[in-house]
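These numbers were taken from a predicted model, which means no experiment stands behind them.
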Amino acid sequence: MPRLHATLLASGLVLAFAACASTAATDSTKPATAQADAALDAAIADPARDPKNVLRDVHRHPRETLGFFQVKPDATIIEISPSGGWYSEILAPYLRDDGRYVAATGAAPADSGGGKRNAALQAKFAASPARYDRVQWLEYDGKAPVLGAPGAADVVLTFRNVHNWVAAGTTDAYFQAFFAALKPGGVLGVVDHRARPGTDLETMKKSGYLTEALVIDHATRAGFVLEARSEINANPKDSADHPNGVWTLPPTNRHDGGDAAKYAAIGESDRMTLRFRKPAR
């Protein structure tokens, strides 16, 4: 074979191999659409969901987010602080037959805000046993959380909670609890409001926006490995710099009435979406 032809052939093989490798890398990191199964689609499309919650799908991207976190219908999944049950409406029916959904929330006095939220969510579950009768309710100490038996969960999910723990100074306790609760090889999925890189800690506490670096630092200190990031829940319209922090934006809308259109046009916050893995060994 002439030398020039051999060189071109070798170059062509290298390029073809690189193209295949590039395609494989892209395919392997596609979030949810390819991974979401019919049962998850059915849970998201269920007409029994609260219509107000359904309206927020455009901001919270449940199918893509849960797919990115590798949620499966036979998994044991702990959701941390489900609050009003936005994700409970999807996860509890999805996991009802073959998996297990654990609604884990901080214990609180009955007459406090947290206690009233817990009671409202339990009432929601009780009102629809066909959807929620197999939910496991778990209350933990917010200063020293323990999330059931060690190594029992496949996935731990937390949506827009880390900023509260940063403000309270309990973040490390939570990430250590997540690590203890997960099986080796288990997934921790984190979504939270995203601050600009380099934002100082006091500004983060005040605004409710956190840098990805801060969250990653807490997770890795607990023993997790950052496996992937996604822009599923990104919002480039959000400057992360508002008079009342993230609570200025929908759905809280803590702003002057005359600014409603301005903040509605921005939409919900820009959010990081991070997938961590507990090492298999």
Side-chain angles (χ1 to χ4, degrees), residues 65-66 68-71 75-83 86-88 91 100-108 114 118 136-195 197-230 232-233 246 269-281:
T65 300
L66 295 176
F68 179 71
F69 290 149
Q70 301 180 345
V71 166
T76 293
I77 297 179
I78 302 175
E79 184 187 0
I80 308 301
S81 298
S83 189
W86 197 95
Y87 263 106
S88 304
L91 288 168
R100 185 162 65 110
Y101 173 65
V102 181
T105 189
N118 290 348
Q136 180 178 333
W137 183 265
L138 187 155
E139 290 191 6
Y140 55 78
D141 179 347
K143 294 182 179 179
V146 176
L147 303 173
D154 297 293
V155 181
V156 171
L157 300 175
T158 174
F159 300 101
R160 298 168 26 251
N161 293 307
V162 182
H163 64 280
N164 294 319
W165 308 329
V166 169
T170 56
T171 316
D172 284 332
Y174 275 91
F175 278 91
Q176 290 163 9
F178 304 158
F179 194 86
L182 283 165
K183 299 174 182 178
V187 167
L188 169 63
V190 178
V191 176
D192 218 310
H193 315 294
R194 179 165 52 190
T199 301
D200 66 87
L201 182 60
E202 289 308 310
T203 299
M204 287 192 269
K205 289 180 178 180
K206 182 179 178 181
S207 69
Y209 289 93
L210 306 176
T211 62
E212 288 191 7
L214 180 75
V215 176
I216 292 167
D217 181 57
H218 282 290
T220 53
R221 281 211 303 266
F224 288 102
V225 175
L226 176 65
E227 186 171 77
R229 313 178 196 219
S230 174
I232 295 165
N233 295 301
V246 70
S269 66
D270 177 53
R271 293 165 188 165
M272 68 184 86
T273 305
L274 308 174
R275 187 175 76 230
F276 297 95
R277 183 81 59 180
K278 179 176 179 175
R281 294 183 181 180

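For the residue pair Y209 and S269, no side-chain donor N or O sits within less than 3.5 Å of a side-chain acceptor on the partner.
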Margin query: Would V155 and Q70 count as a side-chain contact (heavy atoms from CB on, under 4.5 Å) here? Give the steps.
Written below: CA-CA 8 Å; V155 181; Q70 301 180 345; over 6 Å; no

Item checked: Trace of the side-chain contact (heavy atoms from CB on, under 4.5 Å) decision for F224 with F178 -> CA-CA 10 Å; F224 288 102; F178 304 158; 3.9 Å; yes

Item checked: T171 vs V162, side-chain contact (heavy atoms from CB on, under 4.5 Å): CA-CA, chis, key distance, verdict -> CA-CA 7 Å; T171 316; V162 182; 4.1 Å; yes

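Closest approach of R229 to L226, counting heavy atoms only: NE-CD2, 3.8 Å. The nearest pair of heavy atoms linking A104 to L147 is CB-CD2, 4.1 Å. Among all heavy-atom pairs drawn from F179 and P279, the shortest one is CE1-CD, 3.9 Å. Contact between I78 and A181 at its shortest, heavy atoms only, is CD1-CB, 4.1 Å. Nearest approach of A167 to K205, heavy atoms of both residues: CA-CG, 4.1 Å. Across S88 and P82, no two heavy atoms sit closer than the pair OG-CB, 3.7 Å.
A donor-acceptor pair under 3.5 Å is absent between the side-chain atoms of D192 and the main chain of L210, judged by distance alone. The main-chain N or O of G186 is never found under 3.5 Å from a side-chain atom of K278 such that the two would form a donor-acceptor pair.
With a 4.5 Å cut-off on side-chain heavy atoms, W137 and T105 count as touching. With contacts defined as side-chain heavy-atom distances shorter than 4.5 Å, the pair M204/H163 does not qualify. The shortest side-chain heavy-atom distance between S230 and F69 does not fall under the 4.5 Å cut-off. Residues V71 and L91 form a side-chain contact, since some pair of their non-hydrogen atoms from C-beta on lies under 4.5 Å apart. Put simply, the side chain of V156 reaches to within 4.5 Å of the side chain of I80, judged on heavy atoms. Two residues are said to be in side-chain contact when any heavy atoms from C-beta on lie closer than 4.5 Å; F159 and R271 fail this criterion. Looking at L66 and Y87, their side chains come closer than 4.5 Å, going by heavy atoms from C-beta outward. R277 has its side chain within reach of V187: a pair of non-hydrogen atoms, C-beta onward, lies under 4.5 Å apart.
Of the residues listed (D217, V190, T273, L274), the one engaging E212 in a side chain to side chain contact (heavy atoms under 4.5 Å, CB included) is L274, and it is the only one. With H218 as reference, L214 is the one residue of I216, T220, L214 to meet the side chain to side chain contact (heavy atoms under 4.5 Å, CB included) rule. A side chain to side chain donor-acceptor pair (under 3.5 Å) with R194 holds for exactly one of N233, D270, T211; it is D270.
If you take OG on S81 and CG on L157, they are separated by 12.0 Å, rounding to the nearest 0.5 Å. Note that CD of E227 is 11.0 Å distant from CG of L188, once rounded to the nearest 0.5 Å.
Ring pair W165/Y174 is parallel by interplanar angle, where below 30° counts as parallel and above 60° as perpendicular.
Remark: R221 is not positioned above the aromatic ring of F175, lacking an NZ or CZ atom under 6.0 angstrom from the ring centre and at most 45 degrees off the axis.
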